[in-house]
Amino acid sequence: MPELPEVETTRRGIAPHLEGQTVRSVSVRNGRLRWPVPEDLAVQLEGEVIRSVERRAKYLFLNLDSGSVIVHLGMSGSLRIITDDSAALTHDHVELVLHSGVRLRYNDPRRFGCWLWAPNPSTHPLIASLGPEPLAPEFNGAYLYRRSRGKSTAVKSFIMDGHVVVGVGNIYANEALFKAGIHSRRQAGRVSLSRYRRLVEVVQETLTAAILMGGTTLRDFVNSDGQPGYFAQSLLVYGRGGQPCPECQATLREIRMNQRTTIYCTRCQR
DNA sequence: CTTACCGCCTGTCGGC
DNA sequence: TGCCGACAGGCGGTAA
């Protein structure tokens, strides 16, 4: 389940192999992703130079002169750099071949991801209305406080809403709310400014630490036959329902909220 | 407008 | 051992 740190680590891993390179060919082995891969993707890309690889939220942009490829890894997607003649694996759905001989392979068993083409990605409907980046200065306590006034939805759903802030998936939402001592079911509009300040702090700490950890596994992006970008992370509460709280030893509760597994400590989180 | 739920997918796991 | 249903989840789409 690539969260934002995994996507950023992927970007850092693949960018040096792609930037400045000309696309020789594109092959789509299975175009039935979340949305169909555009029929003319190969036509758009062939002969063009990849100028840069950017990330916005959990989307990656391969920027060319005439537009950008928008890639999302969905639930189970991964990108890897191929420098030898190794054969494609099951679920290797899309492949870019560069003039340098290097290949970029996209593998996605569940096909929740996407490969789209946009002349200008920042105005694409998927991108245009996204909230701020979680590590950007405009994501701060005052911002969350202002955006949440009058909201009756649970604070956990609120911070997982990509129109509020991007990159906070289910795992990090659980972890951050635990660290901030905020009950996941509390109404977003009933969280104080100071507690939102604390929440932003722990979200940023957690994401930054995860990105730093990812940096040590960049070599895995070349000729890896495993799943690159998935890091052992020390999770305090996620996946630990029924176990003792790491802070107070009370039993961690596990519930479903908006179809998502939610874990919290009834004593530490209010 | 806001909020909650659906469904796209396949690999994994528990129960029988 | 093998089958089968439940579950996992990002996130756009849609219903209420």
Side-chain angles (χ1 to χ4, degrees), chain A residues 1-11 28-38 55-61 70-79 88-94 106-116 118 121 123-134 144 146-177 184-191 203 207 210 225-231 233 235 237-242 254-263:
Chain A
M1 55 207 83
E3 297 246 10
L4 187 139
E6 286 85 343
V7 179
E8 175 59 23
T9 300
T10 296
R11 187 193 70 74
V28 179
R29 299 176 71 218
N30 185 349
R32 288 169 297 163
L33 304 183
R34 170 136 204 202
W35 297 280
V37 176
R55 181 189 59 75
R56 174 74 175 100
K58 295 180 189 171
Y59 295 92
L60 289 171
F61 301 156
I70 301 176
V71 178
H72 198 288
L73 303 179
M75 273 294 300
S76 56
S78 61
L79 290 166
L89 306 170
T90 310
H91 306 306
D92 278 347
H93 303 312
V94 184
Y106 173 76
N107 184 284
D108 187 1
R110 295 183 197 177
R111 288 191 274 123
F112 279 13
C114 68
W115 274 62
L116 298 172
T123 61
H124 190 280
L126 291 174
I127 308 299
S129 63
L130 290 174
E133 288 289 321
L144 277 187
R146 178 172 54 79
R147 286 292 305 267
S148 61
R149 289 311 90 181
K151 299 269 190 195
S152 60
T153 193
V155 63
K156 176 162 179 271
S157 307
F158 176 67
I159 62 165
M160 287 179 67
D161 182 346
H163 299 103
V164 173
V165 60
V166 301
V168 181
N170 192 45
I171 293 175
Y172 288 133
N174 277 299
E175 294 295 301
L177 288 167
S184 300
R185 272 194 302 214
R186 174 174 285 274
Q187 287 185 15
R190 295 188 175 188
V191 175
V203 164
L207 292 174
D225 52 4
Q227 289 277 304
Y230 295 174
F231 320 122
Q233 21 190 339
L235 299 174
V237 294
Y238 189 79
R240 296 179 189 270
E254 178 166 336
I255 60 169
R256 298 283 291 176
M257 254 186 59
N258 302 117
Q259 328 293 99
R260 294 291 174 262
T261 302
T262 303
I263 292 116

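Letters A, B, ... mirror the listed sequences (proteins, then strands); counts begin at 1. Note that these values count all heavy atoms, side chains included, but never hydrogens, waters or copies made by symmetry.
- Within the nucleic acid shown, A:Arg111 comes within 4.0 Å of sugar-phosphate atoms alone, with no base atom in reach, counting heavy atoms only.
- Residue-to-nucleotide contacts include a donor-acceptor pair under 3.5 Å from the side chain of A:Arg110 to the base of C:dA8.
- For the helix from B:dT2-C:dA16 to B:dC16-C:dG2, the angle separating the two terminal helix axes comes to 60°, with each axis derived from five pairs and the value rounded to 10°.
- For the pair A:Ile159 CD1 and B:dT3 P, the interatomic distance rounds to 15 Å; values are reported in whole Å.
- Below the 3.5 angstrom threshold, one finds no donor paired with an acceptor across the side chain of A:Arg34 and the base of C:dG13.
- In this structure, A:Gln259 reaches the B:dC6 phosphate: one of its side-chain N or O atoms is under 4.0 Å from OP1 or OP2.
- Relative orientation of the A:Trp115 and A:Tyr106 rings is perpendicular, given thresholds of 30° and 60° on the angle between their planes.
- Residue A:His72 contributes atom NE2, which lies 15 Å from atom C1' of B:dC9 at whole-angstrom precision.
- When the side-chain nitrogen and oxygen atoms of A:Asn258 are compared with OP1 and OP2 of B:dT3, none of them lie within a distance under 4.0 Å.
- Atom pair A:Asn30:CG and B:dC8:P shows a separation of 16 Å (rounding to whole Å applied).
- The side chain of A:Lys58 lies closest to C:dG10, out of C:dG13, B:dT3, C:dG10.
- Between the CG atom of A:Asn107 and the C1' atom of B:dG11 there is a distance of 12 Å, given to the nearest Å.
- Residue contacts shown for A:Arg256 are limited to sugar-phosphate atoms, with no base heavy atom under 4.0 Å away.
- A:Ile127 has its CD1 atom 9 Å from the P atom of C:dG12, to the nearest Å.
- Between A:Arg256 and A:Thr261, the side chains place a donor N or O and an acceptor N or O closer than 3.5 Å (distance only, hydrogens not considered).
- Straight-line distance from the CG atom of A:Leu126 to the C1' atom of C:dC11: 9 Å, rounded to whole Å.
- The side chain of A:Tyr172 contributes no N or O atom lying less than 4.0 Å from OP1 or OP2 of C:dG10.
- In terms of phosphate contacts, A:His163 brings no side-chain nitrogen or oxygen within less than 4.0 Å of OP1 or OP2 of C:dC11.
- In terms of phosphate contacts, A:His91 brings no side-chain nitrogen or oxygen within less than 4.0 Å of OP1 or OP2 of B:dT10.
- The environment of A:Arg29 atom CZ is dense: over 12 non-hydrogen atoms of other residues, nucleotides or ligands sit within 6.0 angstrom.
- Across all strands, A:Thr261 comes closer than 4.0 Å only to sugar-phosphate atoms, never to a base (heavy-atom distances).
- A:Phe158 comes within 4.0 angstrom of no nucleic acid atom, judged by non-hydrogen atoms across all strands.
- Residue A:Ser76 places none of its side-chain N or O atoms closer than 4.0 Å to OP1 or OP2 of B:dC9.
- A:Gln259 CD to A:Asn170 CG: the interatomic distance, rounded to the nearest 0.5 Å, is 11.5 Å.
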